Amino acid sequence: MEWETVIGLEIHAQLATRSKIFSGASTAFGAPPNTQACLVDLGYPGVLPVLNGAAVRMAVKFGLAIGARIAPRSVFARKNYFYPDLPKGYQISQYELPVVSNGSVEIETEAGGSKRIGVTRAHLEEDAGKSLHEDFKGMSGIDLNRAGTPLLEIVSEPDMRSAKEAVAYMKKIHSLVRYLEICDGNMQEGSFRCDANVSVRRKGETKFGTRCELKNINSFRFVERAINHEVQRQIELIEGGGRVAQETRLYDPDRNETRSMRSKEEANDYRYFPDPDLLPLEIAPAFIAEVKKTLPELPDQKKTRLMQQYGLSAYDAGALIASRELADYYETVAKTAGVEPKLAANWIMGELSAALNKDNLEVTASPVSAAMLAGMLKRIQDNTISGKLAKEVFEAMWAGEGDADAVISKKGLRQITDASAIEKIIEDVMSGNPGQLAAYRSGKDKLFAFFVGQVMKATQGKANPQQVNELLLKKLKG
Amino acid sequence: MPLTAADVRHIARLARLAISEQDIQVYAGNLSKILDFVAQLDKADTSRVTPMAHPLEMVQRLRDDTVAESNQRDLYQENAPQVEAGLYLVPKVIE
Amino acid sequence: MHTKTLAELARDLRARKYSSEELTRACLARIERFNPDLNAFISVLREQALTDARAADVRISKGGAGPLTGLPIVHKDIFCTRGVKTSCGSKMLDNFVAPYDATIVERLKTAGTVLLGKTNMDEFAMGSSNETSFYGPVKNPWDPRRVPGGSSGGSAAAVAARLAPAATGTDTGGSIRQPAAFTNLTGLKPTYGRVSRYGMIAFASSLDQAGVITHTAADAALLMQAIAGFDARDSTSVDRPVPDYTAELERPLKGLRIGLPKEFFDKSLDARVGDAVHAALAVYRQHGATVHDISLPNFWLSVPTYYVVAPAECSSNLSRFDGVRFGHRCENPLDLMDLYTRSRGEGFGAEVKRRIMTGTYVLSAGYYDAYYLKAQQTRALIRQDFLEALRQVDVIMGPTAPTPAFGLGEKTGDPITMYLNDIYANGVNLAGLPGISIPMGFVDKLPVGLQIIGNYFDESRLLAAAHQYQLETDWHTRIPKGFE
C-alpha cells in the first residue's frame with residue numbers, strides 16, 4: 001500500500017518588539033520569574049490592553065514579504081479557556097478576521113525543483129506564560145514574564161507532502177522572519193515554535209485523512225523526526241484496522257515518540273467573541289506603503305542577485321543567503337578589490353562555517369571579520385601564501401593573533417616563489433635520496449608525491465606548490 | 001427551551017464553577033427562564049443588520065513600542081494566595 | 001454643612017468658612033452615626049481622609065487650590081484604589097488590596113478631593129437593588145425597608161443620607177441612574193468612552209461607563225470636569241476635547257426639542273411615575289422647550305439584548321478570578337480543576353454565577369449565532385432607533401425606572417422581574433449614549449427620577465437641561481426624614 005503524507009504547519013514567531021503586545025512591560029528573555037509581568041500581563045482586575053504599533057507593523061511586513069493580503073480591517077477576539085499560564089482566562093488573538101491572509105512561499109524540493117506552499121493566514125496574538133514543573137511541594141510554579149509577548153501565528157495550507165518539505169518550509173519562514181528583522185528566530189528560547197498537523201491518506205485519495213496536531217516540536221531536527229514518527233504511527237494504526245483519532249499529541253524528543261495530551265482532550269469550546277476592550281484594527285494603504293519602504297531585499301531576490309552579480313552557482317548562493325548576516329558577510333568579502341567571489345564563497349561555506357559551527361557562534365560574532373578574511377584571500381591571490389598556508393593563517397586569525405599580514409610576517413609564512421631558490425632545494429632533495437630518484441626514473445611515477453612532500457617539508461610548506469610541481473617534473477626527468 | 005441538570009453541569013464545568021447538586025436544579029430553573037426571556041430576540045428581523053460589537057465607531061489606537069513598566073513583583077504578589085521564589089504556585093499542571 | 005451641595009461646599013472652603021478637615025470630620029461623624037444602619041460603606045478610610053484633608057487645607061491656605069480641593073467624596077468599591085481594599089462587593093475580592101489607582105481615582109486625587117471611603121455595591125455590579133453584595137444589602141434612606149437601587153446602591157445611599165456630598169458610580173445597564181432615581185439624586189452616566197474605564201473592575205466592557213451621583217447637575221458638572229477626557233491606558237477612551245461643563249449649564253431651555261418615546265409609557269410603567277414625567281415636562285414647556293412624540297420601535301428588544309451581551313462579556317471578564325494571582329482561593333485544592341471550580345464557586349455569589357453561566361452558554365459552540373450574534377444585531381437596531389430619534393429632537397425624556405424603590409427581598413426570587421426594573425436604562429448602554437436621572441417628585445413618599453438621554457458626547461446639554469429644571473424646582477433639595 002502506498003501512502004501519502006499531508007502536513008500543515010502552524011508556526012508561532014515571537015515578534016521582536018521591545019515591549020509586549022498589549023502592555024509596556026519588557027519582552028527581554030531570561031529575567032527572574034514574574035519581574036516582567038505588569039498588571040496587564042497578570043490580568044489584574046480593571047486593567048486594559050492597548051495595542052503595540054510595532055507588532056502591527058511587523059505583521060504587515062511579513063504579509064508583504066509573502067505576497068499576502070493585508071486586511072484593511074481586522075478584529076481581536078478572545079479565546080476563552082482556563083489554564084494557569086493564561087492569566088485572564090482568555091487569550092487575545094485574531095479569529096475571523098486575521099491581519100494577513102492568502103500568501104505563499106517557495107521551497108526547494110528534494111528533487112531540486114521548487115514548490116509553492118500556501119500561507120492561509122497570519123494573525124497577531126499574545127503569548128502565554130510558562131508552567132515550571134520542578135517540584136514546589138508537589139505544585140507547579142507559574143512564571144508570567146512571557147505572557148503578553150507578541151506572536152505572529154503563521155498558518156500554512158496543508159501543502160506539504162513529506163517531513164523534509166515541512167522542514168524546508170519551516171526553514172524558509174525562519175529565514176524570512178529573520179531577514180525582515182521581525183523575530184530573532186531563537187528556537188532554544190522559544191522565539192520560533194511550531195505545531196504540525198499531520199495526516200496520511202492512500203495515494204490517489206483526494207479527501208484528507210484525520211489529522212493529529214503535534215505540539216512542542218521546536219527544532220528543525222525534531223520536526224522531521226516527530227512527523228516521520230507520527231506518519232509511521234498513523235499508517236500502522238490504519239493498516240492494523242484501526243482509525244486515527246483527531247487529537248493533540250505532544251512530541252517527546254527524549255523518547256522520539258508522540259503521546260496524546262490528556263489535558264487538551266476535554267472538549268475545547270473556546271467561545272471566541274470580539275474583544276470589547278479593543279477596537280477594530282484598521283490598516284490604511286498609506287501605512288502599508290510606509291511599511292513597504294522598509295522591506296529589505298528578501299532571500300529569493302538576494303539569491304538571484306548573488307548568482308548574477310558574482311557568478312555563483314544556485315547551490316552556493318542558496319547556502320550564502322541562509323541568513324541575512326551571512327549574506328552580508330559574503331558580500332563584504334566578495335566586493336573587496338582583488339578577491340575572487342567564488343574563492344570567497346568557498347572559504348565562507350568551508351573554513352568559516354566549520355569554525356563557527358565548532359565554536360557555536362553566529363557569523364556576526366565571528367572572530368575573523370569580513371575584512372580580515374578578505375585580506376587573507378588577497379594574499380592567496382597575489383601568491384603571498386598558498387591555499388594550504390592560508391588554513392594556518394585562518395586558524396591564527398581565529399585564535400586572535402591579528403590579521404593575515406600580521407600572521408604571515410610573524411610566523412614567516414610568506415610563500416617561496418623564487419624559482420632558483422626552489423630549484424636549489426629540489427636539487428638538495430634529489431641528491432639526498434638517490435635510491436628513490438633511481439626508482440622514479442625507472443618508471444615508479446608514484447614516487448613523484450614523495451619528492452613533493454620532501455620539498456614542502458624542507459621549506460616548512462612555504463614553497464609555492466604549483467611551482468614545486470612544475471620544477472620537480474622538469475628536474476626529475478634529468 | 002428548558003436546560004437540563006446535565007446542561008447546567010456542562011456549563012458550570014466550562015465556566016469552572018463548583019455548583020452543589022441541590023443548586024443545580026435551581027440554576028436549571030433560573031437559567032431556563034432567562035434563556036426563554038432572551039429568546040424573544042428571535043422575533044426581530046435582523047436579516048440585513050450588521051452585528052454591532054461596540055457602541056462607538058472608532059478604530060484601534062496604536063501604542064509606541066516603548067518599555068514603560070518596571071519590576072513591581074513584590075507589590076503585585078502581595079495579593080497572591082501562594083508564591084515561592086517569585087512564582088505563583090498551583091496544583092501540579094499535567095500536560 | 002451636610003445639607004450643602006458640592007458647589008456650595010467648594011465656595012465655603014475657598015472662603016475659609018470652615019476647613020476641609022472640619023468638613024471631613026463632619027462627614028466621618030455622620031458615617032459613624034448612620035452607616036451601621038444603612039450599610040452604605042464597605043470601607044471607611046478615616047485616617048487617610050483626615051491626612052488628605054489636612055493636605056488640602058495646606059493647599060487652600062497657600063492659594064494653590066483647584067475647584068475640587070478639599071471636597072470629600074466616596075468611590076464605589078469597583079474602582080481600584082492604591083493601598084485600599086477594593087472588593088467589588090464580592091467575597092472573591094474580600095482580601096484584595098489594589099496596587100494601583102483607577103484613572104478616575106487618580107484624577108480626583110490629583111484634583112485634591114478627600115476620599116472618605118469605598119461604597120457598597122451589587123457584587124461585580126450585577127444587580128439592581130444592591131442585594132447581591134457579599135457585604136449585605138444597603139438600605140434606602142427614604143425607607144429602610146426598601147432598596148436604594150443598584151448596582152451603585154452604596155454610593156446613592158451615602159449621598160442621599162448626606163454622609164458624603166458626592167460619589168462616583170458605574171453604569172452598565174442603569175447602575176447610576178436607577179439608584180439616583182430611587183434616592184432623589186442626580187446620576188449621570190456619560191457617553192461610552194468619555195470617562196476612562198482603566199482601573200474600574202470590568203463587568204461588561206462594551207457597556208460599562210463610570211459616572212457620578214450628586215445632589216445637583218451643577219455638582220455633576222464639577223466632578224465631570226475632573227474625570228472626563230482621554231486616557232491612553234484605555235483603548236476605548238475617546239480623544240476629544242472636554243467642554244466646560246459648568247459654563248455650559250447656563251444654556252437656556254428655550255428651543256430645546258424634547259422627544260417622548262411612546263414605548264416608555266405602556267402598562268409596565270407605574271401610572272403615577274408617568275404622571276410625574278408629564279408634570280416635569282410641563283416645567284420644560286413653560287420655559288420654552290417643545291415636546292415631540294417619538295418612537296423607538298425596537299425598544300422592546302433592549303432588556304433581552306442586554307441579557308445576552310452583558311452576561312457574555314462578564315463570563316469572559318470574570319475568568320481572571322481563578323485563585324492563582326489574587327482573590328479568593330479555596331482551601332487545599334486537590335488538583336487544578338478543583339482549585340478553579342471551588343475558588344470560583346465559593347468566591348462568587350448566586351447572581352454572578354447565574355450571569356457567568358448565561359454568558360458561557362450564549363457564547364458556546366452551537367449557540368453563538370442564535371444568541372450572541374443575534375443580540376449584536378438587535379443591539380444595532382436599538383442604537384439605530386435612538387440615532388433616528390435624535391435627528392428629530394435634542395434630548396429624549398422619560399422615566400428612569402418604572403416604579404419607585406421596591407422592597408428589600410421583593411424581587412430577589414425572580415431574576416427576570418429584577419432585570420425588567422432597568423427596562424428604560426439598558427438601551428442607553430447598548431447604544432453607548434449619555435443619560436442622566438434627576439429628581440422629579442415623589443410617589444408614595446418615595447422619590448422618582450426623570451431620565452434625560454442625549455446624543456453622543458452631549459453631556460453638557462443633558463447637564464444644562466437638568467440644571468435649568470433644578471433652578472425651577474426643589475425636588476432635589478428634599479432630604480429623607482431622620483437625615484436632616
Side-chain angles (χ1 to χ4, degrees), chain B residues 1 3 7-8 10-20 23 26-27 30-31 33-64 72 74-83 88-94, chain C residues 95-97 99 192-193 206 232 235-236 238-239 298 300-301 304-305 307-308 315 319 322-327 329 333-342 344-346 348 353-354 356-358 360-362 364 371 373-381 383 414-416 419 430-432 456:
Chain B
M1 185 191 52
L3 287 188
D7 293 332
V8 176
H10 172 70
I11 301 166
R13 190 175 164 85
L14 257 184
R16 299 294 188 269
L17 292 170
I19 309 278
S20 69
D23 284 349
V26 180
Y27 281 108
N30 285 169
L31 295 177
K33 270 192 196 167
I34 294 167
L35 292 172
D36 267 351
F37 175 73
V38 302
Q40 290 180 67
L41 298 180
D42 288 345
K43 288 185 258 168
D45 178 10
T46 53
S47 49
R48 280 190 297 267
V49 183
T50 310
M52 166 183 168
H54 231 277
L56 298 176
E57 279 160 11
M58 294 199 319
V59 299
Q60 181 58 39
R61 188 161 30 83
L62 300 179
R63 184 173 61 77
D64 284 343
Q72 305 264 1
D74 293 348
L75 174 66
Y76 298 162
Q77 290 191 339
E78 277 174 21
N79 282 307
Q82 203 177 355
V83 289
Y88 295 94
L89 294 195
V90 296
K92 205 119 197 100
V93 177
I94 303 156
Chain C
N95 58 3
F96 180 74
V97 176
Y192 183 88
S206 79
S235 294
T236 62
V238 180
D239 193 358
N298 294 292
W300 62 280
L301 291 167
T305 300
Y307 280 95
V308 172
S315 72
S319 291
D322 58 4
V324 177
R325 297 163 316 286
F326 42 74
R329 180 182 206 149
L334 301 171
D335 56 24
L336 207 49
M337 182 59 99
D338 189 44
L339 168 75
Y340 287 149
T341 57
R342 276 203 294 133
R344 291 166 59 79
E346 294 164 6
F348 294 136
K353 283 185 221 171
R354 217 160 17 234
I356 290 175
M357 285 196 276
T358 306
T360 302
Y361 184 80
V362 301
S364 64
Y371 291 100
L373 199 66
K374 182 81 182 179
Q376 282 199 318
Q377 291 175 307
T378 52
R379 185 176 183 180
L381 291 176
R383 175 176 60 178
D414 179 10
I416 305 293
Y419 297 171
L430 289 165
Y456 293 113

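Below, chain A is the first sequence line, B the second, and so on; all start at residue 1. Not measured: the values here are computed from a predicted model.
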Contact winner vs chain C - [options], heavy-atom pairs under 4.5 Å:
options: B:Asn30, B:Val83, B:Leu17; answer: B:Leu17
options: B:Lys92, B:Arg63, B:Gln82, B:Lys43; answer: B:Gln82
options: B:Ala12, B:Ala53, B:Ala80, B:Pro51; answer: B:Pro51
options: B:Asp23, B:Val90, B:Val26; answer: B:Val90

Check each atom of [X] against the heavy atoms of chain C and say whether the ones under 4.5 Å are side chain, backbone, both or neither.
X: B:Ile19; answer: side chain
X: B:Ile34; answer: both
X: B:Gln40; answer: both

- Item | Taking every non-hydrogen atom, the tightest pair across C:Arg329 and B:Leu89 | NH2-O, 2.8 Å
- Which pair of non-hydrogen atoms, one from B:Leu56 and one from C:Tyr192, has the smallest distance, and what is that distance? CD1-O, 3.2 Å
Heavy-atom contact with chain B under 4.5 Å, split by part of [X]:
X: C:Thr378; result: both
X: C:Ser319; result: neither
X: C:Asp414; result: side chain
X: C:Arg325; result: both
X: C:Leu336; result: both
X: C:Pro99; result: both
X: C:Leu301; result: both

- Query: Got a sec, which residues hit ring pair (Phe, Tyr, Trp, His ring centres under 6.0 Å) with C:Tyr340, two or more places apart in sequence or on another chain?
  - Reply: A:Phe82
- Message: Please check: side-chain N/O of B:Arg16 versus main-chain N/O of C:Arg344, any donor-acceptor pairing under 3.5 Å?
- Response: no
- Message: Are the side chains of B:Leu35 and C:Tyr371 in contact, using a 4.5 Å heavy-atom criterion?
- Response: yes
- Counting heavy-atom pairs under 4.5 angstrom with chain B, the leader among C:Gly345, C:Pro304, C:Ala375, C:Ser235 is C:Pro304
- Query: Between B:Asp45 and B:Arg48, is there a side-chain N and carboxylate O pair less than 4.0 Å apart?
  - Reply: no
- Query: Any chance the rings of B:Phe37 and C:Tyr307 have centres within less than 6.0 Å?
  - Reply: no
- Item | Geometric class of the C:Phe326/C:Phe96 ring pair [parallel <30°, tilted 30-60°, perpendicular >60°] | perpendicular
